[in-house]
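Take a look at the structure set out below.
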Amino acid sequence: MGSSFAFPLSQGTRPARHCKTSFGARDFGGFQDCFFRDRPMDTARIAVVGAGVVGLSTAVCISKLVPQCSVTIISDKFTPDTTSDVAAGMLIPHTYPDTPIHMQKQWFRETFNHLFAIANSAEAGDAGVHLVSGWQIFQSTPTEEVPFWADVVLGFRRMTEAELKKFPQYVSGQAFTTLKCECPAYLPWLEKRIKGSGGWMLTRRIDDLWELYPSFDIVVNCSGLGSRQLAGDSKIFPVRGQVLQVQAPWVEHFIRDGSGLTYIYPGTSHVTLGGTRQKGDWNLSPDAENSREILSRCCALEPSLHGACNIREKVGLRPYRPGVRLQTELLARDGRRLPVVHHYGHGSGGISVHWGTALEAARLVSECVHALRTPIPKSKL
């Protein structure tokens, strides 16, 4: 595979910038000349497709873990217009049926530790990361009273009878402190780090990963639902989520129904009320009936929300898949080869595991770079 790719012949480095282009598939040569003419000649050129929390965190991890590489983020949408910008950002893991629990726990622990360090730093405000305490409540005793992530969050315990009096329709609950990662702040914070390490941002829609060949040596596919087309993956589908963002500054504790359908998540600038879980629904327009139902359910848990004001409706399409796809694929066409690292399918759990899966994606990219730099031995005749 190593002999199939050439690295750009250049020296020095260039500062990062964010470009908007309308290049066609055949115009990437000019893009390549502009972006890479001052890169070291052994630099591996890596394109990350997708600029949500998964794509940006992957780009940061690649920049940190893969030596002598250039990273370019390519997406038709950047913050504040991504699915991640709609997410409430609470670190409470979603369970993936096709992924081993020990792996999900590792991803969550690595993400929690990464964000906890930010929350305890001077960067916390700029990054939109902070601790929040609250309750997860159940109308019947859960089959798993102690979830796999219980020893990762802080102070996990069963709720007391006194606490449960606040929720008379519920029979049990869990109290703990976790983290909230607000993507409208966190995504620009990640972008700043990518640019600071010499990365590029390119606003462009990609319809075929082969458009990136030969300008890039490795492609990382973080396109979420776009992978239905880009990777031909029929396993991924949208799960529509509608939320309300309201002003209710007196609400300081999160409340989450154990089903995950109804939740109240206080943040720095608003409280997020949710939600919906509509499989196969591609509609990005707010639905008035959904909003009425969300507000009614949340007011049943926290009656003071009847006094909430400045209600805004938001809709996002979660990229659901039975398991996160973290896999290397070598595309081949007409004698050409393009290594692709797939990293998508996080559903509603993306923010809870994004850093852990990004670290794994970066390790896969590192393996690809090593393969590119390793000459293929000539066969002995």
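If you're wondering where the values come from, they're calculated on a predicted model, not measured in any experiment.
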Quiz item: Side-chain contact, heavy-atom cut-off 4.5 Å: Y263 with I92?
Solution: no
Self-check item: Residue pair W189 / V60, side-chain heavy-atom distance below 4.5 Å
Solution: no
Self-check item: Check: S296 side chain, E293 main-chain N or O, donor-acceptor pair, under 3.5 Å
Solution: no
Quiz item: Which is it for Y213 and R337 under the side-chain hydrogen bond (donor to acceptor under 3.5 Å, both in side chains) test, yes or no, and what are the steps along the way?
Solution: CA-CA 9 Å; Y213 179 93; R337 292 183 176 184; over 6 Å; no
Quiz item: Are W149 and F176 an aromatic pair by the rule of ring centers under 6.0 Å?
Solution: yes
Exercise. Could you tell me whether the side chain of S63 and the main chain of A59 form a donor-acceptor pair under 3.5 Å?
Key: yes
Quiz item: Is it true that D98 and R321 make a salt bridge, defined as a side-chain N closer than 4.0 Å to a carboxylate O?
Solution: no
Quiz item: If you take all heavy atoms of I74 and A47, which pair is closest and at what distance?
Solution: CD1-CB, 4.1 Å
Exercise. Report yes if the side chains of L261 and R297 come closer than 4.5 Å at any heavy-atom pair, otherwise no.
Key: yes
Self-check item: Nearest-0.5 Å distance that lies between atom CD in E360 and atom CD in E110
Solution: 8.5 Å
Exercise. Count the heavy atoms belonging to other residues, nucleotides or ligands that lie under 6.0 Å from CD of Q169, then report whether that count exceeds 12.
Key: no
Quiz prompt | Listed partners of R158 passing salt bridge (Lys or Arg N to Asp or Glu O under 4.0 Å), at least two apart | solution = E145
Quiz item: Going by atom types only, do E191 and T79 share a side-chain donor-acceptor pair under 3.5 Å?
Solution: no
Self-check item: Shortest non-hydrogen contact between E163 and A175, atoms and distance
Solution: OE2-CB, 4.4 Å
Exercise. Decide yes or no for I137 and L301: does some side-chain heavy atom of the first lie under 4.5 Å from some side-chain heavy atom of the second?
Key: yes
Self-check item: N/O donor-acceptor pair under 3.5 Å between K77 side chain and G52 backbone
Solution: no
Quiz prompt | Contact summary for I236 and G345, nearest pair of heavy atoms | solution = CD1-CA, 4.0 Å
Quiz prompt | L230 side chain reached by Y344 side chain, heavy atoms, under 4.5 Å | solution = no
Quiz prompt | Separation of N290 CG from L244 CG (nearest 0.5 Å) | solution = 9.5 Å
Practice problem: Verify side-chain contact (heavy atoms from CB on, under 4.5 Å) between R325 and K235, making sure each step is shown before the conclusion. | Solution: CA-CA 10 Å; R325 187 179 184 192; K235 289 184 179 179; over 6 Å; no
Quiz item: Is a side-chain donor or acceptor of Q229 paired with a backbone partner of D207 at a separation under 3.5 angstrom?
Solution: yes
Quiz prompt | Evaluation steps, side-chain contact (heavy atoms from CB on, under 4.5 Å), between Y186 and V53 | solution = CA-CA 8 Å; Y186 184 59; V53 68; 3.8 Å; yes
Quiz item: Would V369 and I194 show up in the same hydrophobic cluster when neighbours are defined by side-chain heavy atoms closer than 4.5 Å?
Solution: yes
Exercise. Return the minimal non-hydrogen interatomic distance between S172 and S140, and the atom names on each side.
Key: OG-O, 4.2 Å
Exercise. Would you mind reporting whether T58 and V54 have side-chain heavy atoms less than 4.5 Å apart?
Key: yes
Exercise. Begin from the C-alpha positions of I294 and T276 and carry the test side-chain contact (heavy atoms from CB on, under 4.5 Å) through to its verdict.
Key: CA-CA 8 Å; I294 290 168; T276 66; 4.1 Å; yes
Quiz item: Only one of T328, N221, D233 clears side chain to side chain donor-acceptor pair (under 3.5 Å) with H342; which?
Solution: N221
Quiz prompt | Heavy-atom pair of closest approach, residues Q245 and T272 | solution = CG-OG1, 4.4 Å
Quiz item: Which distance, rounded to the nearest 0.5 Å, do you find between the CG of L372 and the CD1 of I218?
Solution: 4.5 Å
Exercise. Give a yes-or-no answer on whether the side chains of Y320 and H94 include a donor-acceptor pair shorter than 3.5 Å.
Key: no
Practice problem: Dump the intermediate steps for salt bridge (charged side-chain N to carboxylate O under 4.0 Å, His left out) on D208 and R333, then the final yes or no. | Solution: CA-CA 13 Å; D208 187 330; R333 178 187 290 179; 3.6 Å; yes
Practice problem: Decide yes or no on side-chain contact (heavy atoms from CB on, under 4.5 Å) for L338 and V219, but give the supporting numbers first. | Solution: CA-CA 8 Å; L338 180 62; V219 172; 4.0 Å; yes
Practice problem: Nearest 0.5 Å please: distance from the CZ atom of F156 over to the OG1 atom of T177. | Solution: 12.0 Å
Quiz item: Do you reckon V132 sits in the same ILVMFWY cluster as L179, going by side-chain contacts under 4.5 Å, direct or chained?
Solution: yes
Exercise. For the pair R45 (side chain) and P214 (backbone), establish whether a donor and an acceptor sit closer than 3.5 Å, ignoring hydrogens and angles.
Key: yes
Exercise. Output the distance between atom OG (S259) and atom CZ (R277), rounded to the nearest 0.5 Å.
Key: 6.0 Å
Quiz item: Taking C-beta and beyond as the side chain, do F116 and L131 meet within less than 4.5 Å on heavy atoms?
Solution: yes
Quiz item: Is it true that R193 and E123 make a salt bridge, defined as a side-chain N closer than 4.0 Å to a carboxylate O?
Solution: yes
Self-check item: Separation of T268 OG1 from H130 NE2 (nearest 0.5 Å)
Solution: 5.0 Å
Quiz item: Is there a donor-acceptor contact under 3.5 Å from the side chain of T111 to the main chain of W355?
Solution: yes
Quiz item: For atom CD of E161, is the number of surrounding heavy atoms from other residues, nucleotides or ligands below 6.0 Å larger than 12?
Solution: no
Self-check item: Student check: side-chain heavy atoms of C309 and Q247 closer than 4.5 Å
Solution: yes
Quiz item: Which heavy atom of H354 sits nearest a heavy atom of H114, and at what distance?
Solution: NE2-CD2, 4.3 Å
